[in-house]
S.K.: 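Can you keep this structure in mind? I'll have questions shortly.
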Amino acid sequence: MITELTSANFDTFVKGTDKPVLIDFWAPWCGPCRMLSPLVDSLAGERADIAVGKVNVDEAPDLAMRFGVQGIPTLLLFKNGEKVNQSVGLIPAAALQEFVDSAK
Amino acid sequence: MYDLLIIGGGPAAFSCAMTARKRGLHCAVVSADATTGWLWRAEQLDNYPGMPAVSGRELLRVFRQQAEDLGAEIIHAVARQIQSFGGSFMVLAGNDVLESKAVVLAMGAARPKLLPGEEELIGMGVSWCGTCDGMFYRGKRVAVLSAWEGGVEEAVFLAGLASAVDYYTLAPHAAPDDARIRLCGGRVKELRREGKEIAVVTDQGEERYDGVFVFRPAVAPDRLLPGLELDGAFIRVNRRMATSIPHVYACGDCTGQPLQVAKAVGEGNVAAISAAEDLM
């Protein structure tokens, strides 16, 4: 399952679990984001050991600014509420798995 | 969903498209710009069978026309990235996402060379996508570094968002003619992060920007499709023109020597036949 996030629910979502949390910063007009989305969706379906959220940077530019996002797609990985990793640009499925596993 | 997307705009790509159409495949050729290839500039070829003393430009025109007449679609865009997903492929062409069952790489032997610092700074002030990342530089100072005329359109787009746009050419092409865009001279040598800014270092000095956008007409094969096995600078293929990735084929100069039109055309034909067999 994927949760749509804005500044209203972001902190509760990221801090409210002891699982690694993957956040996908994206926008509907961004081609590489549209290619990454199905991979993130599929990962969210396969992996019960992580929580997955999405931030539409059009709707939540404040979150993009808060985390210094300057290019999309950007993936952020959180553990216990702390940012532990970041990846910018489209990555293949295997690299996405590795990225998520880097929180362990 | 296409059966076959062919990346490139030279003899191998058009030959592949012709045979793919004859085999009934729904296919498109994704090509940024024919004028950046060496064949476009070749004054005369004497060893291509059936067309004596033909210019490179004329040969390309005839190949393209023949492919189009057979029903191949031509998509004018840079193929930026290919993603394999669930038994098919997504190809990022410009900012559009195309889908296909198989892919043929026929992008020639040119290897775009990145600037020192460029890759490391992606997402930290450096971007390869104006449409994606322009909004993060609203009201800020940006530089556009372009190796081809596709950068002009991007610079004009960015001029609508940024407070200032400086334009550097990485390879000769017609520069933008827009009062909002300042043309800068000097050969760009390096990109470097300086605090929150990016320094564009040229042989004439350096300038600092909030953001730097870099545009090229082609992407190196292993960056286009991560995981693709190479053989030195070329794509590893077998006699069927199959690469290390199932349903991905390569043909023409990108597979290695000799860099000849006749060889490229033959390989394009083989790649299309292999794809048609494997998709059956």
Side-chain angles (χ1 to χ4, degrees), chain A residues 2 22-47 54-77 83-100 102, chain B residues 77-100 118-140 142 157 161 193 196-198 209-214 219 222-228 245 248:
Chain A
I2 297 182
L22 176 70
I23 309 287
D24 178 12
F25 285 78
W26 71 290
W29 35 261
C30 154
C33 301
R34 293 203 302 277
M35 280 172 69
L36 186 61
S37 275
L39 271 66
V40 172
D41 293 352
S42 144
L43 190 79
E46 286 164 18
R47 301 267 307 246
K54 284 196 178 197
V55 175
N56 180 333
V57 297
D58 275 343
E59 286 163 13
D62 49 332
L63 283 177
M65 195 176 285
R66 178 175 154 193
F67 292 102
V69 172
Q70 287 183 308
I72 49 173
T74 284
L75 297 172
L76 297 185
L77 192 63
K83 189 181 105 175
V84 292
N85 208 348
Q86 176 166 355
S87 163
V88 182
L90 179 60
I91 53 172
L96 179 60
Q97 293 276 3
E98 271 173 41
F99 177 75
V100 168
S102 71
Chain B
V78 183
R80 289 163 51 199
Q81 220 165 339
I82 302 173
Q83 185 86 274
S84 148
F85 182 71
S88 64
F89 297 91
M90 291 184 283
V91 175
L92 184 63
N95 196 43
D96 291 325
V97 180
L98 310 172
E99 288 185 71
S100 68
E118 179 178 340
E119 188 167 21
E120 299 80 353
L121 293 171
I122 287 293
M124 290 184 288
V126 177
S127 171
W128 290 324
C129 180
T131 323
C132 306
D133 302 335
M135 65 163 285
F136 297 110
Y137 298 94
R138 203 180 288 276
K140 300 192 168 171
V142 304
F157 169 77
L161 294 167
R193 194 167 167 101
K196 287 194 158 181
E197 295 178 316
I198 302 293
Y209 300 93
D210 298 306
V212 173
F213 290 81
V214 189
V219 176
D222 51 338
R223 171 171 299 283
L224 186 64
L225 185 49
L228 188 69
I245 299 174
V248 177

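Chain A is the first sequence line, chain B the second, and so forth, proteins listed ahead of strands; every chain is numbered from 1. Values in this document were obtained by computation on a predicted structure and should not be read as measured data.
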S.K.: Looking only at non-hydrogen atoms, find the nearest pair between B:F136 and A:V69 and report the distance.
M.R.: CD2-O, 3.3 Å
S.K.: Going by the rule side-chain contact (heavy atoms from CB on, under 4.5 Å), which residues pair with A:A95 if we only count those two or more places apart in sequence or in a different chain?
M.R.: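 For A:A95 the side-chain contact (heavy atoms from CB on, under 4.5 Å) partners, ignoring immediate neighbours, are A:I91, A:P92.
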S.K.: Please tabulate, one pair per line, the N or O donor-acceptor pairs under 3.5 Å between chain A and chain B.
M.R.:
{"unit_1": "A:W29", "atom_1": "O", "unit_2": "B:N95", "atom_2": "ND2", "d": "2.7"}
{"unit_1": "A:G31", "atom_1": "N", "unit_2": "B:N95", "atom_2": "OD1", "d": "2.7"}
{"unit_1": "A:R34", "atom_1": "NH2", "unit_2": "B:N95", "atom_2": "O", "d": "3.2"}
{"unit_1": "A:Q70", "atom_1": "OE1", "unit_2": "B:G125", "atom_2": "N", "d": "3.2"}
{"unit_1": "A:I72", "atom_1": "N", "unit_2": "B:D133", "atom_2": "OD1", "d": "2.8"}
{"unit_1": "A:L90", "atom_1": "O", "unit_2": "B:Q81", "atom_2": "NE2", "d": "2.9"}
{"unit_1": "A:I91", "atom_1": "O", "unit_2": "B:Q83", "atom_2": "NE2", "d": "3.0"}

S.K.: Under the rule for side-chain contact (heavy atoms from CB on, under 4.5 Å), what residues qualify as partners of B:A79, not counting sequence neighbours?
M.R.: B:I7, B:V30, B:V91, B:L224
S.K.: Is there a side-chain contact between A:L90 and B:M90 in this structure, where contact means two heavy atoms from C-beta onward sitting under 4.5 Å apart?
M.R.: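 Answer no - side chains too far apart.
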S.K.: Where does A:A93 contact chain B at under 4.5 Å (heavy atoms): side chain, backbone, both or neither?
M.R.: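 Answer is backbone: N, CA, C or O of A:A93 sit under 4.5 Å from chain B.
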S.K.: Which residues pass the ring pair (Phe, Tyr, Trp, His ring centres under 6.0 Å) test with A:F67, not counting sequence neighbours?
M.R.: A:F10, A:F78
S.K.: So which of B:P226, B:C132, B:G123 has the biggest tally of heavy-atom pairs under 4.5 Å with chain A?
M.R.: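 That would be B:C132.
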